[in-house]
S.K.: 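Next up is a structure, given as structure tokens.
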Number of protein chains: 2
Amino acid sequence: MNQQGQPGSAIEETLRVVGDRWSILLVRAGLRGIRRFDDFCDDLGIARPVLTDRLRRLVKFGIFERVKYQDKPVRYEYRLTEAGLALSPALVALVRWSEEYSQDVSSETTLVHAPCGTELEQAFWCRSCQTTFGPNAVKGVGVNRES
Amino acid sequence: MNQQGQPGSAIEETLRVVGDRWSILLVRAGLRGIRRFDDFCDDLGIARPVLTDRLRRLVKFGIFERVKYQDKPVRYEYRLTEAGLALSPALVALVRWSEEYSQDVSSETTLVHAPCGTELEQAFWCRSCQTTFGPNAVKGVGVNRES
DNA sequence: GAGACTGAGTTCGAAATCCGAACTCAGTAG
DNA sequence: CTACTGAGTTCGGATTTCGAACTCAGTCTC
């Protein structure tokens, strides 16, 4: 799929799992506390067969886990794993982008620093330099073009 | 599409544009300096008709722009707009997640702080508190579950 | 103990997308 | 005149997606 033996297959792999219209929305729903099949279904308006498939895939890749939460009629629910929770920075970045650049929709500031209510910004942090910096100082996504 | 009149339609809108296997990869390619139709095609291994469609959509939503770069035979190329560049935090978050959690692939650390070479971390920044903080202190994605 | 209900899925056929391979079309180079 | 390039289009077949309806085990209500 990637012609030249370049690196970068990791995201391709990841996007194959998470790179569709629903998966990220499912993670977001998970973060909002939704756990049960029908609730995902109602909340997102996703078709049931698709939901079945996505959840199975997300479980397989360790983003959700299927947990029995009751015995009498055996019932399972889906919870975000640690790996799933770890997707939240990506989610936050997307939400922020949406608010800033997505046309049409009313862009209200919804993401804030909980303690103080200020709109948050996102930055990269270097623990050895003890500084924050922006995307231009990142090497590896590709800003180092070698064309 | 969203049953209850909840907020959060902004990301849905965004994911309808960017939430497929190729669009994010296209942005990443753009960041790596790729600009021309055939180069996108070769680099990603994407089918031509799909590439045509994706680029058109991304242009329509202001992520790429179609720029004439030569006259004799008129030729156009695709460049990331400011909005497109602004997707890089999301991309970085995804790459980082991939490196850390994606199974199988060799996870080499590819994202570093360019000046010093240290692996970067990602944080949220509050300009009024002048601090960085993690996802748990964010209000709005949903970490404030009310269950 | 018959009927309705619940949660978590399956099954179905129609509609939309995706794919690779081959084709187009304008302009250039030899 | 022929070959080549860049940027697409066209084609038919394969794969996904969809909504609506169905299943199935267990439970609750009378």
Side-chain angles (χ1 to χ4, degrees), chain A residues 1-4 12-26 29-30 32-61 63-80 147, chain B residues 1-4 12-13 15-27 29-30 32-61 63-80 147:
Chain A
M1 175 125 293
N2 195 320
Q3 314 308 69
Q4 2 95 292
E12 282 176 21
E13 173 70 12
T14 296
L15 285 177
R16 205 180 314 281
V17 182
V18 128
D20 75 292
R21 223 169 90 254
W22 297 117
S23 299
I24 301 226
L25 254 18
L26 284 173
R32 290 216 314 285
I34 290 174
R35 301 206 154 85
R36 304 206 307 224
F37 193 91
D38 281 10
D39 291 342
F40 281 113
C41 218
D42 294 347
D43 187 67
L44 277 73
I46 184 177
R48 289 163 158 280
V50 180
L51 178 56
T52 302
D53 175 72
R54 285 306 173 282
L55 285 174
R56 229 190 278 288
R57 200 161 73 189
L58 291 170
V59 166
K60 181 171 154 204
F61 282 83
I63 293 171
F64 277 95
E65 57 186 340
R66 189 161 174 270
V67 182
K68 192 200 292 177
Y69 71 92
Q70 136 180 334
D71 263 319
K72 316 308 305 292
V74 187
R75 292 286 138 85
Y76 297 90
E77 63 180 14
Y78 295 88
R79 295 190 195 176
L80 285 172
S147 67
Chain B
M1 176 124 293
N2 195 320
Q3 313 309 69
Q4 2 94 292
E12 282 177 20
E13 172 69 12
L15 286 176
R16 205 180 314 281
V17 182
V18 128
D20 75 291
R21 222 168 91 254
W22 295 117
S23 299
I24 301 226
L25 254 18
L26 284 173
V27 171
R32 291 216 314 284
I34 291 174
R35 301 206 154 83
R36 303 208 307 225
F37 192 92
D38 281 11
D39 291 341
F40 282 112
C41 215
D42 294 347
D43 186 67
L44 278 72
I46 184 177
R48 288 163 158 279
V50 181
L51 178 57
T52 302
D53 174 73
R54 286 305 174 283
L55 285 174
R56 229 189 279 285
R57 201 162 72 190
L58 291 170
V59 166
K60 181 171 153 205
F61 282 84
I63 293 172
F64 277 96
E65 56 186 341
R66 189 162 174 270
V67 181
K68 193 199 293 177
Y69 71 91
Q70 134 180 334
D71 264 317
K72 315 309 306 291
V74 187
R75 289 288 138 84
Y76 296 90
E77 63 181 11
Y78 295 88
R79 296 191 192 172
L80 285 171
S147 65

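A note on names: the letters A, B, ... follow the listed sequences, proteins ahead of strands, and every chain is numbered from 1.
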S.K.: Where is the tightest heavy-atom contact between Leu44(B) and Trp22(B), given as atom of each residue plus distance?
M.R.: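 Heavy atoms of Leu44(B) and Trp22(B) come nearest at O-CZ3, 3.7 Å.
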S.K.: So, OP1 or OP2 of dG8(D): does either fall under 4.0 Å of a side-chain N or O from Arg66(B)?
M.R.: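 Yes, within the criterion.
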S.K.: Any idea which heavy atoms bring Ala29(B) and Asp43(B) closest together, and the distance?
M.R.: CB-OD2, 4.2 Å
S.K.: From CG of Asp53(A) over to P of dA8(C), roughly how many Å is that when rounded to an integer?
M.R.: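 Rounded to the whole Å, the gap is 18 Å.
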S.K.: Is there a side-chain contact between Arg54(A) and the phosphate of dT17(D), meaning an N or O under 4.0 Å from OP1 or OP2?
M.R.: yes
S.K.: Give the nucleotide from the list dA8(C), dC18(C), dG20(C) with an atom nearest to the side chain of Ala47(B).
M.R.: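 Closest nucleotide to the Ala47(B) side chain: dG20(C).
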S.K.: Tell me whether Arg79(B) is salt-bridged to Glu77(B), with the criterion being a basic N under 4.0 Å from an acidic carboxylate O.
M.R.: yes
S.K.: Measure from CZ on Arg35(B) to C1' on dG6(D) and round the result to the nearest Å.
M.R.: 17 Å
S.K.: Distance check needed: dT6(C) P versus Asp39(A) CG, whole Å only.
M.R.: 13 Å
S.K.: In whole angstrom, what separates Phe37(A)'s CZ from dG7(C)'s C1'?
M.R.: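 Interatomic distance, CZ of Phe37(A) to C1' of dG7(C): 9 Å.
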S.K.: Find every protein N or O atom lying less than 3.5 Å from an N or O atom of nucleotides 23-30 of chain C, and list the pairs.
M.R.:
residue	atom	partner	partner atom	Å
dG27(C)	O3'	Lys72(B)	O	3.4

S.K.: Need one value for Phe40(A): base, sugar-phosphate or nothing, where a base atom within 4.0 Å counts as base even if backbone is also close, heavy atoms only.
M.R.: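 Nothing, no heavy atom under 4.0 Å.
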S.K.: Rounded to whole angstroms, how far apart are CZ on Arg48(A) and P on dG9(C)?
M.R.: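 Rounded to whole Å, this separation is 10 Å.
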S.K.: Please determine whether a side-chain nitrogen or oxygen atom of Tyr69(A) lies at a distance below 4.0 Å from atom OP1 or OP2 of dA8(C).
M.R.: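 Answer yes for this pair, as a side-chain N or O of Tyr69(A) is under 4.0 Å from OP1 or OP2.
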S.K.: Using modelled atom types only, decide if a donor and an acceptor are shared between the side chain of Glu12(B) and the backbone of Leu15(B) within a distance under 3.5 Å.
M.R.: no
S.K.: Is any side-chain nitrogen or oxygen of Tyr78(B) closer than 4.0 Å to OP1 or OP2 of dG8(D)?
M.R.: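 For dG8(D), OP1/OP2 do have a side-chain N/O of Tyr78(B) under 4.0 Å.
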S.K.: DNA chain D: Pro49(A) or Arg36(B), which has the more 5' nearest nucleotide?
M.R.: Arg36(B)
S.K.: Quick one: Leu15(A) CG to dC18(C) P, roughly how many Å, whole number?
M.R.: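 That distance rounds to 15 Å.
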S.K.: Would you mind reading off the distance between Leu44(B) atom CG and dC19(C) atom P, rounded to a whole angstrom?
M.R.: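 About 11 Å, once rounded to whole Å.
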S.K.: Is the shortest side-chain N to carboxylate O distance from Asp53(A) to Arg48(A) below 4.0 Å?
M.R.: no
S.K.: Of the listed nucleotides (dG6(D), dC18(C), dG19(D)), which one gets closest to any side-chain atom of Val50(B)?
M.R.: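 Between dG6(D), dC18(C), dG19(D), the one nearest the side chain of Val50(B) would be dC18(C).
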S.K.: Is Glu13(A) reaching over with its side chain to a backbone N or O of Arg16(A), donor-acceptor style, under 3.5 angstrom?
M.R.: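 Side chain of Glu13(A) to backbone of Arg16(A): no pair is present.
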S.K.: Between the side chains of Arg57(A) and Asp20(A), is the shortest nitrogen-to-carboxylate-oxygen separation below 4.0 Å, so that they form an ion pair?
M.R.: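 Between Arg57(A) and Asp20(A) there is a salt bridge, with a charged N closer than 4.0 Å to a carboxylate O.
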S.K.: Can you check the Glu77(A) CD to dT6(C) P distance for me, whole Å?
M.R.: 19 Å
S.K.: Which nucleotide sits closest to the side chain of Trp22(B): dA8(C), dC19(C), dG9(C)?
M.R.: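 Selected nucleotide (nearest to the side chain): dC19(C).
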